[in-house]
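Model, not experiment: these values are computed from the prediction. To find a chain, count down the sequence lines: A is the first, B the second, and so on, and within it residues start at 1.
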Amino acid sequence: MLKTHNCGELDSASVGEEVTLAGWVNRRRDHGGLIFLDLRDRSGIVQVTFDPDKNEAIYSVAEELRSEWVVKIEGSVSSRPDGTNNPNISSGEIEIHAHKLEVLNKSLNPPFYINEESDVDESLRLEYRYLDLRRDRMYSNILLRHNVVKFIRDFLDDQNFLEIETPILMKSTPEGARDYLVPSRVYPGHFFALPQSPQQLKQLLMIGGIEKYFQIARCFRDEDLRADRQPEFTQLDLEISFVEEADIFELVEELFTNLVSEITPELELAGPFPIMTYEESMDRFGSDKPDLRFSMELTDITNINGLSQMDVFQSVIDENGIIKAIVAPGGSKFSRREITELTEVVRSRGAKGLLTVAIEGDAQTSLSDVKMDDIKSPLSKYLTVGLVKDIAAKVEASVGDMLLIVAGERSIVDESLGELRNFLGDKLEMKDPNKLNFAFITEFPLFQWSKEREQWESTHHPFTSPKLEEMHLLDESPGDMRSRAYDCVLNGYEIASGSIRIHERELQENLLRFIGYSQEEMEGRFGHLLNALSYGAPPHGGIAAGIDRLVAVLAGEPNIREVIPFPKTQTSQDLLTKAPSLVDVQQLQDIGLSINDIVEE
RNA sequence: GGCCCGUUGGUGUAGUUGGCUUAACAUACUGCCCUGUCACGGCAGAGAUCACGGGUUCGAAUCCCGUACGGGUCGCCA
């Protein structure tokens with residue numbers, strides 16, 4: 001090694017030692033006759049002093065040093081003179097008196113600050129990601145990610161899980177997300193696909209008698225990106241034989257609870273994790289991934305006397321619609337512009353409009369003292385004090401709050417108010433960044449109707465077990481069938497998703513047939529799995545957790561790119577290597593491809 | 001594919017109801033000075049045809065249209 005110690009490890013216990021250090025020039029302070037150098041390596045920073053009276057030769061070299069140069073320094077660890085300690089760094093009580101200095105490498109002036117926290121345009125950070133990684137923010141996220149993954153490995157190892165790799169080159173199954181395709185050279189015109197997840201393989205592992213499998217698996221989906229979606233991402237994929245939902249929930253809760261207390265003890269985890277059905281989650285929070293750090297639940301007010309009689313709501317009720325409300329605490333102070341903004345939020349999710357009712361006044365005032373003058377609403381002339389009080393009582397609003405009411409078809413009311421709840425959670429700063437609120441959401445619908453294909457399709461994936469007692473609904477009302485799929489949500493993110501699988505060939509074929517597969521297609525695409533189910537497949541189930549999202553939440557980052565060393569942009573490009581790129585004609589010929597209509601730059 | 005936001009010296013921002021801008025400020029950078037700083041300090045200097053293309057106008061960083069790039073989001077993500 002070119003160094004004997006790490007910068008951040010030195011403290012007053014090392015005084016008197018001769019050390020050799022190597023690292024980057026974080027900062028240089030030149031006092032004309034005395035130079036201070038902050039030397040940085042991965043472990044931290046230590047101050048090095050160069051005194052011309054003691055060693056003029058290396059002093060003059062030190063004068064030439066610039067930010068991010070790489071240097072090797074030999075020197076002695078000394079206590080700092082009284083009154084010059086720096087409590088902000090771990091090595092702040094000591095400094096290195098250098099007596100040898102070697103420049104290992106020079107550096108251009110970096111395109112952005114590495115030695116201080118500052119906002120830098122993200123595309124610039126991505127282009128120079130190797131410099132961005134030197135910064136504290138990225139380093140601490142990468143470190144956190146390492147700790148999380150290591151904890152998971154150790155935890156599952158303790159529980160007798162086997163870590164098993166599955167192929168990256170595998171068979172394309174065109175349903176679900178769009179596949180990334182890899183052409184085969186040996187079989188021209190044939191393609192591998194990169195796995196969207198190891199789903200089928202982990203089921204085959206269960207059939208292979210592994211019983212407890214896990215993998216930190218890279219997954220690939222050629223779909224449009226979001227803050228929490230990259231074309232390649234990492235899942236903790238696990239599968240267990242002979243399990244039921246409760247076993248999975250217990251395992252996941254124990255894993256996450258221990259992980260947080262070990263890795264991010266500063267975060268406040270609420271336990272035990274609530275378990276609620278999809279139906280309940282949609283009804284109470286208007287989302288299948290509710291942020292439970294704050295309440296602000298949706299309340300059904302359809303049956304409040306006098307409300308459904310109002311003209312605006314009459315037609316909604318006639319068409320089997322519902323009326324629901326949420327309360328914005330202190331919302332009576334919202335400006336007209338803010339109210340317009342709220343209205344746009346619900347409209348974006350299909351609601352026809354938003355009825356706002358502000359109850360103005362001091363929060364200490366009792367609801368019973370509210371007068372008509374205190375009620376501000378676009379429909380105030382149709383409202384009575386009594387009606388507003390009834391609604392307020394039902395939704396537990398106080399004076400000073402605003403009632404936000406949406407009417408219409410149930411799913412639109414739930415989803416639009418859920419979106420509004422989420423929006424208000426941010427706006428009113430009700431999402432405590434130090435809290436972690438997990439929950440399990442269960443009993444998702446088994447099927448959803450695809451308008452595009454005019455066909456029922458699986459909500460989760462076609463290997464998800466239905467609730468067997470509901471199989472009789474398959475012919476009459478498949479939309480009412482519930483699955484044995486479940487999600488784990490955290491602070492409004494879907495952090496994990498899984499299900500109890502189908503382990504019987506007949507049931508699997510039956511459901512594949514229902515979602516539109518002919519016997520022939522079934523054999524072609526899933527024959528391997530169906531065959532495997534015929535040879536004593538054990539009941540099994542599992543879950544897959546999004547490592548990127550989990551780490552991003554634990555790090556308090558707003559998107560997963562911040563926890564991925566080399567992420568892609570929203571348009572799926574790698575700004576550092578400029579991938580994807582054109583390839584040589586010869587490469588294409590080798591794999592039997594030709595490109596039509598190439599757009600030249 | 002739709003909608004929304006953004007793009008000004010190396011970096012971060014100001015300026016954006018068109019004209020007091022010869023585009024301002026901070027920092028970084030270069031040089032000089034400085035022996036206890038740690039976001040060291042002082043002085044001086046260099047550095048931007050305001051993303052690109054077109055239009056309106058006597059006059060455009062500023063208004064309009066288009067394009068590119070980045071971000072957010074809907075669709076999409078079994």
**OP:** Report yes or no: is there a donor-acceptor pair, N or O only, under 3.5 Å between the side chain of A:Arg28 and the base of B:C38?
**Re:** no
**OP:** Pick base, sugar-phosphate or nothing for A:Asn85, based on heavy-atom distances below 4.0 Å to the nucleic acid.
**Re:** base
Subject >> Under 5.5 Å and under 30°: A:Phe112 stacked on B:U11 >> reply: no
Subject >> Any-strand Watson-Crick or G-U partner of B:A26, both distances under 3.5 Å >> reply: B:U11
**OP:** Using the P atom as the reference point in each nucleotide, state the distance between B:G1 and B:C76 in Å, no decimals.
**Re:** 16 Å
Original post:
Looking for any heavy atom pair under 4.0 Å, which part of the strands does A:Leu124 touch: base, sugar-phosphate only, or nothing?
Top reply: sugar-phosphate
Original post:
If we take the C1' atom in both B:A24 and B:A61, what is their distance in whole Å?
Top reply: 13 Å
**OP:** Describe the nucleic acid contact of A:Arg80 in one word from base, sugar-phosphate, nothing, applying a heavy-atom distance below 4.0 Å.
**Re:** base
Subject >> Main-chain N/O of A:Thr234 paired with A:Asp548 side-chain donor or acceptor, under 3.5 Å >> reply: yes
Original post:
Hey, are A:Glu68 and A:Lys106 close enough for a salt bridge, meaning a charged N less than 4.0 Å from a carboxylate O?
Top reply: no
Original post:
Contact class for A:Asn115 vs. all strands (heavy atom < 4.0 Å): base, sugar-phosphate, or nothing?
Top reply: nothing
Subject >> Polar side-chain contact A:Glu95-B:G36 base: donor and acceptor under 3.5 Å >> reply: yes
Original post:
If you look at every strand shown and take non-hydrogen atoms under 4.0 Å, does A:Asn86 touch a base, only sugar-phosphate, or nothing?
Top reply: base
**OP:** If B:G70 has a Watson-Crick or G-U wobble mate with both distances under 3.5 Å, name it; if not, just say none.
**Re:** B:C5
**OP:** Determine the contact category for A:Glu122: base if any of its heavy atoms lies under 4.0 Å from a base atom, sugar-phosphate if only primed atoms, P, OP1 or OP2 are that close, otherwise nothing.
**Re:** sugar-phosphate
Subject >> Side-chain N,O (A:Arg29) to OP1/OP2 (B:U37) below 4.0 Å >> reply: no
**OP:** Before accepting this row, confirm whether a basic side-chain N of the pair A:Arg226/A:Asp224 lies closer than 4.0 Å to the acidic partner's carboxylate O.
**Re:** no
Original post:
Taking the six-membered ring for Trp, is the centroid-to-centroid distance between A:Tyr517 and A:Phe526 below 6.0 Å?
Top reply: yes
Original post:
Can a donor-acceptor pair be found between the side chains of A:Gln47 and A:Arg29 at a distance below 3.5 Å?
Top reply: yes
**OP:** Give a yes/no on whether any side-chain N or O of A:Gln570 is located under 4.0 angstrom from OP1 or OP2 of B:G72.
**Re:** yes
**OP:** Give A:Arg561 one of three labels, base, sugar-phosphate or nothing, depending on what nucleic acid heavy atoms sit under 4.0 Å from its own.
**Re:** sugar-phosphate
**OP:** Specify whether A:Phe514 and A:Phe447 have parallel, tilted or perpendicular ring planes, treating 30° as the upper limit for parallel and 60° as the lower limit for perpendicular.
**Re:** tilted
Original post:
Taking the same atom, P, in B:C63 and in B:U16, what whole-Å distance lies between them?
Top reply: 10 Å
Original post:
NA contact type, A:Thr464, heavy-atom cut-off 4.0 Å: base, sugar-phosphate, or nothing?
Top reply: nothing
Original post:
Hey, does A:Asp121 reach any base, or is it just sugar-phosphate, or nothing, if we go heavy atoms under 4.0 Å?
Top reply: sugar-phosphate
**OP:** Describe the nucleic acid contact of A:Thr84 in one word from base, sugar-phosphate, nothing, applying a heavy-atom distance below 4.0 Å.
**Re:** base
Original post:
Would you say the base of B:U37 and the side-chain of A:Gln47 have a donor-acceptor pair closer than 3.5 Å?
Top reply: yes
**OP:** Can you tell me, in whole Å, how much space there is between the P of B:U8 and that of B:A14?
**Re:** 11 Å
Original post:
Do A:Asn559 side-chain and B:G72 base share a donor-acceptor contact under 3.5 Å?
Top reply: no
Original post:
Is any side-chain N or O of A:Arg178 closer than 4.0 Å to OP1 or OP2 of B:C77?
Top reply: no
Subject >> Check: A:Tyr59 ring centre within less than 6.0 Å of A:Phe50 ring centre >> reply: no
Subject >> Pairwise P distance, B:U27 and B:A44 [rounded to whole Å] >> reply: 14 Å
Original post:
Which residue lies toward the 5' end of RNA chain B, A:Phe463 or A:Pro558, if each is placed at its nearest nucleotide?
Top reply: A:Pro558
Original post:
Is A:Pro81 touching bases, backbone alone, or none of the nucleic acid, heavy atoms closer than 4.0 Å?
Top reply: base
Subject >> Between P of B:G12 and CG of A:Asn109, the distance in whole Å >> reply: 14 Å
Original post:
Between A:Arg226 and A:Ser67, who's closer to the 5' end of RNA chain B by nearest nucleotide?
Top reply: A:Ser67
Original post:
Which part of the nucleic acid, if any, lies within contact of A:Asp119, taking any heavy atom under 4.0 Å across all strands shown: a base, the sugar-phosphate backbone alone, or nothing?
Top reply: sugar-phosphate
Subject >> Pairwise C1' distance for B:G15 and B:C77, with rounding to whole Å >> reply: 42 Å
**OP:** Between B:U11 and B:G18, how far apart are the P atoms? Round to whole Å, please.
**Re:** 30 Å
Original post:
Mind checking who B:G41 pairs with, Watson-Crick or G-U wobble, both distances under 3.5 Å?
Top reply: B:C33
Subject >> Atom P, compared across B:U62 and B:U49: separation rounded to whole Å >> reply: 15 Å
Original post:
Is A:His31 stacked on the base of B:C40 when the test is centres under 5.5 angstrom and planes under 30 degrees?
Top reply: yes
**OP:** Please state whether the base of B:G10 and the side chain of A:Tyr113 form at least one donor-acceptor pair under 3.5 Å?
**Re:** yes
**OP:** Tell whether A:Arg27 reaches the base of B:C38 with its side chain through a donor-acceptor pair below 3.5 angstrom.
**Re:** no
**OP:** Would you mind pulling out the nucleotide paired to B:G19, Watson-Crick or G-U wobble, both distances under 3.5 Å?
**Re:** B:C58
Original post:
In whole Å, what is the span from the CG atom of A:Leu65 to the P atom of B:U37?
Top reply: 21 Å
Original post:
Hey, does the side chain of A:Gln573 come within less than 4.0 Å of B:G70's phosphate (OP1/OP2), counting only N and O?
Top reply: yes
Original post:
Can a side chain N or O of A:Ser118 be found less than 4.0 Å away from OP1 or OP2 on B:U27?
Top reply: no
Original post:
Can you tell me if the side-chain N/O atoms of A:Ser123 get under 4.0 Å from OP1 or OP2 in B:C69?
Top reply: no
Original post:
Which of parallel (below 30°), tilted (30 to 60°) and perpendicular (above 60°) describes A:Tyr130 and A:Tyr128?
Top reply: perpendicular
